Structures are given as C-alpha cells and as structure tokens.
Visitor: 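Can you keep this structure in mind? I'll have questions shortly.
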Protein chains: 2
Amino acid sequence: MVDPRPFDVFATDCPSRSVLDHVTSRWGALTLAALRPGPRRFNDVARAIGGISDRMLSQTLKTLEGDGLVVRDEQPGGQRVEYALTPEGERIADATRHLIDALYEVMPTLLAPRSAGA
Amino acid sequence: MVDPRPFDVFATDCPSRSVLDHVTSRWGALTLAALRPGPRRFNDVARAIGGISDRMLSQTLKTLEGDGLVVRDEQPGGQRVEYALTPEGERIADATRHLIDALYEVMPTLLAPRSAGA
DNA sequence: CAGGATCCAAGATGATACTG
DNA sequence: CAGTATCATCTTGGATCCTG
C-alpha cells in the first residue's frame with residue numbers, strides 16, 4: 001500500500017503546490033468563497049467580488065475549473081452559464097471560509113494601535 | 001454599540017481585504033505554515049519553503065510583521081534572528097494549515113483521470 | 001449575458017553581488 | 001547569519017473592443 005499522503009505543498013514540484021497557488025492566487029480564494037453559497041452566474045460573481053475584472057474572473061474560473069474545483073454549467077441556449085463548486089471545491093471553499101472567519105476575528109486586534117500595555 | 005463585524009473581504013477598501021491578500025499572497029500562506037511549528041530563523045524558513053528567494057522571504061516576513069501576524073526577535077549580538085507568529089498569526093496559520101490539509105485530502109480525487117463513470 | 005483577443009502599465013519575482 | 005541593493009524579466013491585471 002502506498003503512502004496515502006505523498007503530497008507536500010512546500011515542494012516546488014508537488015501537484016498540491018500548484019493547486020495551493022491557484023487557491024491562494026489574488027482572486028482564487030475570493031472566487032471560491034463567492035461560489036460557496038451555491039451556483040452563480042458569471043456577472044453575479046463578478047459583482048460579488050469587489051475590484052475584479054471580467055478578464056481576471058474568467059481566467060480564475062478557468063484555472064479552478066482546470067483543477068477540478070469548479071464546474072461550468074452551460075444551459076442550452078447559451079445565454080446562461082452557471083459556475084458551481086465541485087465536492088472538492090466545496091471542501092476547499094469551506095477551508096477558505098474558515099480562514100476568512102479567522103481573519104475577521106483577529107482584525108480588531110490587528111487594527112488596535114499596538115499594545116494595551118504601553 | 002458598534003457592529004462587532006464591520007469587515008468584508010469582498011470589499012476593496014476593507015482592511016481585512018488587504019490582510020487576506022497578504023495571507024494568500026504567493027508566499028504568505030507557506031510562510032505562515034512554515035512558522036506554525038514554532039519560532040524559526042530566517043535561513044531555516046528559507047530552506048523550508050521550496051523555491052523562495054531571500055528577497056521574497058524577507059519581503060513577505062516584513063509584510064506579515066506589518067500586519068501583526070509575525071514578530072521578529074533579534075537576539076543581542078545580531079547574528080541570530082528569529083521569527084515567530086503572534087497569537088493572531090497563529091489563528092491565521094491554523095486556518096491556512098486546515099486549508100492545506102483539506103487540499104491534501106482532495107488531491108487524490110483531483111488527480112484522478114476525471115470521472116469513474118465514463 | 002458571457003466571455004475572448006489585444007495592448008499596455010504596473011507590480012511581482014529572481015539572480016547576483018554586497019554589507020554588518 | 002541575516003539580510004539589502006540593483007537590474008532584468010516575467011507575469012499579473014486592467015481597459016477596451018469585439019463576438020455569439
């Protein structure tokens with residue numbers, strides 16, 4: 001039986017490293033987080049994420065789709081396309097959501113003028 | 001009483017957004033993960049993270065230090081400097097660790113040749 | 001609506017050399 | 001050891017225009 005965990009994000013050549021890079025890319029985490037509530041259309045995602053351009057969203061979605069974290073559902077007719085998380089995408093999106101929540105929790109402290117002791 | 005959670009990473013101008021950007025920067029997550037086991041010296045961190053250059057590590061550490069997630073401890077004498085996580089940094093590092101673990105869990109599926117149904 | 005193609009500026013990153 | 005300074009480069013990201 002092989003090692004069930006041969007992955008190592010610290011290694012440049014590990015496949016998990018590239019997926020991590022995509023997930024932690026500038027728009028990756030936010031895109032996954034935006035899709036977590038459920039399938040969404042392109043422009044809805046674009047509007048949900050402040051500052052993202054069509055180009056970057058398109059590119060990010062493609063990368064995540066290539067990784068198997070997102071699926072593109074094109075309704076017949078063409079005028080309507082929805083993006084959704086795959087089961088694996090959901091696991092990752094949940095984790096990024098936790099990260100964001102942790103961030104919210106520590107933000108007040110980070111913003112505090114450094115030390116209450118001084 | 002003010003809203004205890006006025007933060008929104010989806011908003012371009014929210015402070016939490018920039019911290020998220022730093023944490024999910026190319027080397028941010030890996031750097032935090034590398035420091036999670038405990039304080040480490042510069043070159044040890046550098047060696048732990050495959051592919052990072054001195055320059056990038058230095059820059060990443062400074063950014064995270066500026067956010068209040070990392071502290072720099074310089075031992076008198078100068079030849080020895082250690083980097084450690086602040087309590088807030090630990091919370092974030094834990095979250096990124098969970099993200100990495102989630103990644104490890106789904107990797108086998110992501111690598112599988114697409115579908116067992118075809 | 002849902003993007004693709006192009007052009008271009010800005011920032012990220014790396015290699016190397018140098019310092020205290 | 002623990003970085004910093006410089007330079008060249010490669011990628012990222014945005015704005016704009018175009019198509020089905």
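Numbers restart at 1 for each chain; the letters A, B, ... are given by sequence-line order, proteins then strands. Because the structure is a prediction, the values reported are computed rather than measured.
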Visitor: Output all residues satisfying side chain to side chain donor-acceptor pair (under 3.5 Å) with A:R17, sequence neighbours left out; order by chain, then residue number.
Guide: none
Visitor: Could you pull out the protein-nucleic contacts involving nucleotides 7-9 of chain C (nitrogen or oxygen on both sides, under 3.5 Å)?
Guide:
none

Visitor: Just N and O in the side chain of B:Y83: are any of them under 4.0 Å from OP1 or OP2 of D:dC1?
Guide: no
Visitor: Any salt bridge (charged side-chain N to carboxylate O under 4.0 Å, His left out) involving residues 43-52 of chain A? Give me the pairs, sequence neighbours left out, ordered by first then second residue.
Guide: A:D44-A:R47
Visitor: Counting only pairs under 3.5 Å, give me each side-chain donor-acceptor contact of residues 51-60 of chain A, with atom names and distances, residues two or more places apart or in other chains.
Guide:
from	atom 1	to	atom 2	distance (Å)
A:S53	OG	A:M56	N	3.2
A:T60	OG1	A:M56	O	2.7

Visitor: Separation of A:E74 atom CD from C:dG3 atom C1', in whole Å?
Guide: 10 Å
Visitor: What integer distance in Å separates A:I52:CD1 from D:dT12:C1'?
Guide: 12 Å
Visitor: For A:A29, what residues pass the side chain to side chain contact (heavy atoms under 4.5 Å, CB included) criterion, not counting sequence neighbours?
Guide: B:T24
Visitor: Between the side chain of B:Y104 and the main-chain N/O of A:V9, is any donor-acceptor distance below 3.5 Å?
Guide: yes
Visitor: With sequence neighbours left out, what residues match B:S25 under side chain to side chain contact (heavy atoms under 4.5 Å, CB included)?
Guide: none
Visitor: Is B:S58 close enough to D:dT4 that one of its side-chain N or O atoms is under 4.0 Å from OP1 or OP2 there?
Guide: yes
Visitor: Could you check whether any side-chain heavy atom of B:E82 comes within less than 4.5 Å of a side-chain heavy atom of B:R80, counting everything from C-beta outward?
Guide: yes
Visitor: Quickly work out the B:Q59 CD to D:dT4 P distance and round it to whole Å.
Guide: 10 Å
Visitor: Kindly point out which of C:dG3, D:dG13, D:dA2 is positioned nearest to the side chain of B:R41?
Guide: D:dA2
Visitor: Can you list everything that forms a side chain to side chain contact (heavy atoms under 4.5 Å, CB included) with A:E88? Sequence neighbours excluded, please.
Guide: A:L69, A:T86, B:V106, B:T109, B:L110
Visitor: Could you work out, with salt bridge (Lys or Arg N to Asp or Glu O under 4.0 Å) as the rule, every residue matching A:R26, not counting sequence neighbours?
Guide: none
Visitor: When rounded to the nearest 0.5 angstrom, what distance separates CD1 in B:I100 from CZ in A:F7?
Guide: 14.0 Å
Visitor: Tell me which residues in residues 16-40 of chain B put a heavy atom below 4.0 Å from DNA chain C, sorted by number, or none.
Guide: B:R26, B:W27
Visitor: For the helix from C:dC1-D:dG20 to C:dG20-D:dC1, what angle lies between the axis at the first five pairs and the axis at the last five pairs, to 10 degrees?
Guide: 50°
Visitor: Kindly list each side-chain donor-acceptor pair under 3.5 angstrom involving residues 32-42 of chain B, sequence neighbours excluded, with atom names and distances?
Guide:
from	atom 1	to	atom 2	distance (Å)
B:R36	NH1	B:D94	OD1	2.8

Visitor: D:dG3 phosphate, OP1 or OP2: any side-chain N/O from B:K62 under 4.0 angstrom?
Guide: no
Visitor: State, to 0.1 Å, how close A:L85 and A:A93 come at their nearest heavy-atom pair, and which atoms those are.
Guide: CD1-CB, 3.6 Å
Visitor: Atom CE of A:M56 to atom C1' of C:dA10: distance rounded to whole Å?
Guide: 13 Å
Visitor: Rounded to whole angstroms, how far apart are CD on B:E65 and C1' on D:dG3?
Guide: 13 Å
Visitor: C:dG4 P sits how many Å from A:N43 CG, rounded?
Guide: 13 Å
Visitor: What's the CG-P distance between A:L57 and C:dG3, to the nearest Å?
Guide: 8 Å
Visitor: Go nucleotide by nucleotide along DNA chain D from the 5' end; which of A:D54 and B:E82 gets its closest nucleotide reached first?
Guide: B:E82
Visitor: Using only side-chain N and O atoms of B:R72, determine if any of them is under 4.0 Å from OP1 or OP2 of D:dG3.
Guide: yes
